[in-house]
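Just below is one structure, and these are the notes that go with it.
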Amino acid sequence: MVNRKGAAGPVLDCAGKSLDLSRARVMGVLNVTPDSFSDGGNFFSTGQAVRRATEMVEEGAAIIDVGGESTRPGASPVPPEEELRRLLPVIQALEREIPVPVSVDTSKPEVMARAVGAGAGMINDVRALRAPGALAEASRSKVPVCLMHMRGSPRSMQRAPEYTHVLGEVRAFLRERRDACEQAGIPRGRLLLDPGFGFGKTTEHNLALLAGLDGLVNSGLPVVVGLSRKSMIGRLLNDAPVDRRLYGSLALAVVAAAKGAKLVRAHDVGATAEALTVAQAVLDANLSEDPIGASWDGN
Ligand code: 7PJ
């Protein structure tokens with residue numbers, strides 16, 4: 001079915017498991033880091049990680065995003081061996097035990113290669129394949145890739161970010177990365193785009209990007225958004241702490257879906273899936289627009 005905001009989303013082949021983006025879906029977040037701000041690093045043993053992922057699938061997640069390196073503001077890099085030690089057992093188990101694809105949240109080519117070898121069906125790279133060797137590795141992997149915009153690095157990105165025109169600059173960056181991917185042999189049909197909310201952006205930048213999200217949806221590539229529990233929500237709600245950002249997260253998820261985002265990265269999967277299902281009913285009702293109802297005056 002065609003959404004008013006942009007074309008019908010594709011069905012992506014994620015290493016043999018499919019991801020249907022004909023409407024907005026939820027990407028469940030599974031952090032396997034000790035310092036993750038969102039889950040306190042509670043999902044550490046493989047068994048616990050698989051249980052949490054299974055729960056997210058039951059709650060409606062269409063894909064599970066597994067990350068072994070924190071990318072929150074100020075976070076330090078993790079060596080690839082440590083990232084792999086955290087990720088591989090979890091990815092291997094999830095590949096067998098859940099019906100939906102697993103995406104690997106990494107920027108390192110050696111981690112991409114091993115993760116896809118272990119069964120990951122998507123690469124989610126907050127650095128948009130800018131690490132040396134990442135384009136070639138992603139090309140070899142044959143799985144879809146999410147290209148995210150980030151200004152600076154996690155360690156430095158929130159130090160007074162400035163833009164002349166944030167939407168234009170994010171769009172130009174993602175266009176350049178899309179072209180670099182195509183040149184490296186990754187076809188457009190395997191790419192997703194993400195404006196990278198909170199990655200080198202102030203609350204005002206984030207709001208402008210979300211208000212103008214149509215300008216990315218117009219690319220024709222599926223758009224991914226990560227807004228769940230982010231600090232902009234805290235800022236808008238009198239400095240609400242992370243555990244009081246659920247309703248704000250749901251509001252932003254619905255706005256993003258109404259603007260045509262196809263994948264919503266979220267920690268609170270059940271609540272987000274319900275919000276999107278209800279919002280989608282309204283978006284679908286728009287499809288059979290009644291021309292007589294278009295104008296109050298009837299002309
Ligand atoms: C995002 C992400 C996001 C994509 C994180 C957090 C920080 N990947 N990984 N988009 N955020 N594609 O969850 O708050 O916004 S980590």
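- Nearest approach of Gly200 to Pro161, heavy atoms of both residues: O-CB, 3.1 Å.
- When all heavy atoms of Asp105 and Gly67 are compared, the closest pair comes out as CB-CA, 3.8 Å.
- Here the CZ atom belonging to Arg52 is positioned 14.0 Å from the OG atom belonging to Ser45, to the nearest 0.5 angstrom.
- Val254 and Leu209 fall into different hydrophobic clusters, where Ile, Leu, Val, Met, Phe, Trp and Tyr side chains are chained together by heavy-atom contacts under 4.5 Å.
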_Derivation and outcome, side chain to side chain contact (heavy atoms under 4.5 Å, CB included), residues Leu21 and Leu192_ = CA-CA 11 Å; Leu21 298 180; Leu192 304 93; 3.9 Å; yes

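- Each of Val269, Leu30, Val26, Val29 was checked for a side chain to side chain contact (heavy atoms under 4.5 Å, CB included) with Ile64, and the lone residue meeting it is Leu30.
- Residues Leu252 and Leu250 do not share a hydrophobic cluster, defined by chaining ILVMFWY side chains whose heavy atoms lie under 4.5 Å apart.
- Annotation: Asn238, atom CG; neighbour count of heavy atoms from other residues, nucleotides and ligands within 6.0 Å does not exceed 12.
- Between Arg155 and Ser76, the closest heavy-atom pair is NH2-OG, 3.3 Å.
- Rounded to the nearest 0.5 Å, atoms CD (Glu137) and NZ (Lys108) are 14.0 Å apart.
- Not a single donor-acceptor pair under 3.5 Å links the side chain of Ser139 to the backbone N or O of Leu135.
- Between the side chain of Asp239 and the backbone N or O of Arg235 there is no donor-acceptor pair closer than 3.5 Å.
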*Evaluate the criterion side chain to side chain contact (heavy atoms under 4.5 Å, CB included) for residue pair Leu129 and Ile186; output intermediate values, then yes/no.*
CA-CA 11 Å; Leu129 305 181; Ile186 308 172; 3.8 Å; yes

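- In terms of heavy-atom proximity, Cys14 sits nearest to Met122 at SG-CE, 4.3 Å.
- Thr202 places a side-chain N or O within donor-acceptor distance of the main-chain N or O of His205, the cut-off being under 3.5 Å.
- For the pair Ala120 and Val143, the tightest heavy-atom approach, listed with the atom from each and the gap, is O-CG1, 3.9 Å.
- Under the 4.5 Å side-chain heavy-atom criterion for ILVMFWY residues, a single connected hydrophobic cluster contains both Leu174 and Val217.
- No donor-acceptor contact under 3.5 angstrom links the side chains of Asn31 and Thr33, judged on distance only.
- Residues Ile123 and Ser141 form a side-chain contact, since some pair of their non-hydrogen atoms from C-beta on lies under 4.5 Å apart.
- Under the side-chain hydrogen bond (donor to acceptor under 3.5 Å, both in side chains) criterion, the residue pairs touching residues 162-178 are Arg151-Glu169, with sequence neighbours excluded.
- Under a 3.5 Å cut-off, the side chain of Ser18 and the backbone N or O of Val11 do not form any donor-acceptor pair.
- The closest side-chain heavy-atom distance from Ile63 to Arg25 is not below 4.5 Å.
- Across all their heavy atoms, Leu213 and Phe197 have their closest contact at CD1-CZ, 4.3 Å.
- Expressed to the nearest 0.5 Å, how far NE2 of His267 lies from CE of Met56 amounts to 9.0 Å.
- For the pair Glu55 and Arg51, the salt-bridge criterion is not met [side-chain N within less than 4.0 Å of a carboxylate O].
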*asked:* Please determine whether side chain to side chain contact (heavy atoms under 4.5 Å, CB included) holds for the pair Leu207 and Met232, giving the CA-CA distance in whole Å, both sets of side-chain angles, and the decisive distance to 0.1 Å.
replied: CA-CA 9 Å; Leu207 293 172; Met232 67 184 288; 3.6 Å; yes

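- Within a 6.0 Å sphere centred on CD of Glu95, other residues, nucleotides and ligands contribute more than 12 heavy atoms.
- Not one N or O on the side chain of Thr106 forms a donor-acceptor pair closer than 3.5 Å with the backbone of Met112.
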*asked:* Before you tell me yes or no, could you show the steps for Leu237 and Arg245 under side chain to side chain contact (heavy atoms under 4.5 Å, CB included), namely the whole-Å CA-CA distance, both residues' side-chain angles and the distance that decides it to 0.1 Å?
replied: CA-CA 8 Å; Leu237 297 175; Arg245 295 181 189 168; 5.6 Å; no

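- The distance from the CG atom of Leu193 to the CG atom of Leu263 is 12.0 Å, given to the nearest 0.5 Å.
- The CD atom of Glu110 sits 7.0 Å away from the CG atom of Leu84 when rounded to the nearest 0.5 Å.
- Hydrophobic clustering (ILVMFWY, side-chain heavy atoms < 4.5 Å, transitive): Val78 and Val111 are in distinct clusters.
- If you take CD on Gln92 and CD on Glu97, they are separated by 11.5 Å, rounding to the nearest 0.5 Å.
- Looking only at distances, no side-chain donor or acceptor of Lys201 sits under 3.5 Å from a matching main-chain atom of Val166.
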*Given Arg86 and Glu82, is the salt bridge (Lys or Arg N to Asp or Glu O under 4.0 Å) satisfied, shown in steps?*
CA-CA 6 Å; Arg86 296 174 186 175; Glu82 173 61 15; 2.8 Å; yes

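- When atom types are taken as modelled, the side chain of Lys17 and the backbone of Ile98 share a donor-acceptor pair closer than 3.5 angstrom.
- Looking at Arg127, its side chain never comes within 3.5 Å of a backbone N or O of Met150 through a donor-acceptor pair.
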